[in-house]
2 protein chains.
Amino acid sequence: MSGSDQLSAVFSALADPTRRAILAELADRDATVTELTAPLPISMPAVSRHLKALERAGLISRTRSGKLRMSRIEAAPLREAADWIERYRRFWDTSLTRLDAHLAAVQAAGRPTDRTTHGPAIPDRESPTKAHDKEN
Amino acid sequence: MSGSDQLSAVFSALADPTRRAILAELADRDATVTELTAPLPISMPAVSRHLKALERAGLISRTRSGKLRMSRIEAAPLREAADWIERYRRFWDTSLTRLDAHLAAVQAAGRPTDRTTHGPAIPDRESPTKAHDKEN
DNA sequence: ACTACATTTAACGTGTTGGTTAAGTGATTG
DNA sequence: CAATCACTTAACCAACACGTTAAATGTAGT
């Protein structure tokens with residue numbers, strides 16, 4: 001999971017097809033570890049650790065009811081991930097406002113070596129310097 | 001990058017803060033490897049390999065002009081990632097249509113052991129069995 | 001208390017990731 | 001054509017991801 005921040009954890013969680021399958025399952029209904037394991041080609045300990053990764057990313061919550069452990073999908077981090085990607089919408093969405101298209105054109109035309117002539121960037125720059133710090 | 005499919009490659013690429021920083025940079029303007037390396041706390045070979053990962057995910061394209069190599073952001077895979085996440089919008093967006101809200105409620109209420117009573121799920125299930133196959 | 005069930009933790013192997021420095025490649029410049 | 005510039009590739013390393021099986025944990029039932 002190279003990055004340790006929230007967004008990195010979320011994208012990292014979504015990067016695994018097994019975890020996406022688990023999320024798809026949980027989109028239908030809450031489920032136990034055993035139920036989630038059934039359709040998958042891997043062992044229960046493996047599923048258990050995928051759930052741990054999803055939980056670490058905040059994508060699921062879990063409650064113990066008796067000897068069962070229910071997993072439930074959680075919304076917030078998905079929205080953050082969607083919001084992040086959304087900032088790049090202008091790169092694929094052809095139905096842009098005229099202003100947005102103009103801004104995109106201006107930004108693309110800027111001289112590479114002179115940043116001062118640019119307006120504020122739309123996607124916020126992250127600080128990888130800090131993001132790379134270990135915080136486990 | 002545990003998964004080898006397109007979506008896994010994209011999410012995996014987005015999971016690294018350095019790569020997200022690079023994409024943010026390229027959202028402003030196309031740039032050379034040297035330009036991209038400048039603000040980052042890592043060596044140029046490291047950046048070069050991040051670019052390779054981004055290229056593998058289809059998130060950037062690269063052209064050689066003279067001895068310079070320009071990287072350009074590419075839209076398509078970002079849309080696919082956005083589309084995938086979008087299927088879960090009902091979990092965070094409170095401004096749903098009444099029908100969508102009803103469907104969500106019905107799905108959440110379904111008995112865990114009896115799938116046949118459920119309507120079609122909104123998020124498509126992926127096949128992790130196949131997705132885990134190596135195809136390099 | 002003993003047994004069974006659901007799940008996690010431990011121990012282990014293997015492949016991948018992300019960084020480094022040093023060497024290689026290819027285009028431009030003197 | 002030699003030097004320089006802009007990169008990439010190679011070799012290496014430490015950390016982590018993802019799978020396994022076996023053992024430990026915790027709850028429920030008899």
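Note on naming: letters A, B, ... go to the chains in the order of the sequence lines (proteins, then strands), and numbering restarts at 1 for each one. All figures in this text were calculated on a predicted structure; none of them were measured in a lab.
For R79(A), the side chain to side chain donor-acceptor pair (under 3.5 Å) test picks out no residue, with sequence neighbours left out. Take E86(A) and apply the side chain to side chain donor-acceptor pair (under 3.5 Å) test, not counting sequence neighbours, and it matches R89(A). In this view, R49(B) satisfies the side-chain contact (heavy atoms from CB on, under 4.5 Å) rule with no residue, not counting sequence neighbours. Not a single side-chain contact (heavy atoms from CB on, under 4.5 Å) links A38(A) to another residue, sequence neighbours left out. Here A46(B) pairs with I42(B), S43(B) under the side-chain contact (heavy atoms from CB on, under 4.5 Å) rule; sequence neighbours left out. Residues passing the side-chain contact (heavy atoms from CB on, under 4.5 Å) test with S65(B), sequence neighbours excluded: L68(B), M70(B).
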Please list, for nucleotides 6-13 of chain D, all pairs of protein and nucleotide N/O atoms separated by less than 3.5 Å.
| from | atom 1 | to | atom 2 | distance (Å) |
| --- | --- | --- | --- | --- |
| dA6(D) | O3' | K67(B) | O | 3.4 |
| dC7(D) | OP1 | R69(B) | N | 3.1 |
| dC7(D) | OP2 | T34(B) | N | 2.9 |
| dC7(D) | OP2 | T34(B) | OG1 | 2.3 |
| dT8(D) | OP1 | R62(B) | NH2 | 2.5 |
| dT8(D) | OP2 | S48(B) | OG | 2.5 |
| dT8(D) | O5' | S48(B) | OG | 3.4 |

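Between its opening and closing five pairs, the helix from dA1(C)-dT30(D) to dG30(C)-dC1(D) changes axis direction by 10°, a value rounded to 10 degrees.
With dC18(D), dT20(C), dT20(D) as the candidates, the nucleotide lying closest to the side chain of I42(B) is dT20(C).
Between the CG atom of L40(A) and the P atom of dG19(D) there is a distance of 10 Å, rounded to whole Å. One can place CZ of F11(B) at 18 Å from P of dA17(D), the figure rounded to the nearest angstrom.
At the phosphate of dT17(C), neither OP1 nor OP2 sits under 4.0 Å from any side-chain N or O atom of H50(B). Taking side-chain N and O atoms only, S43(B) has no distance below 4.0 Å to OP1 or OP2 of dG19(C).
A salt bridge links R20(B) with D5(A); the closest basic N to acidic carboxylate O contact falls under 4.0 Å.
Residue pairs meeting the ring-ring contact (aromatic ring centres under 6.0 Å, His included) criterion with at least one partner in residues 11-36 of chain B, sequence neighbours excluded, are F11(B)-W84(B).
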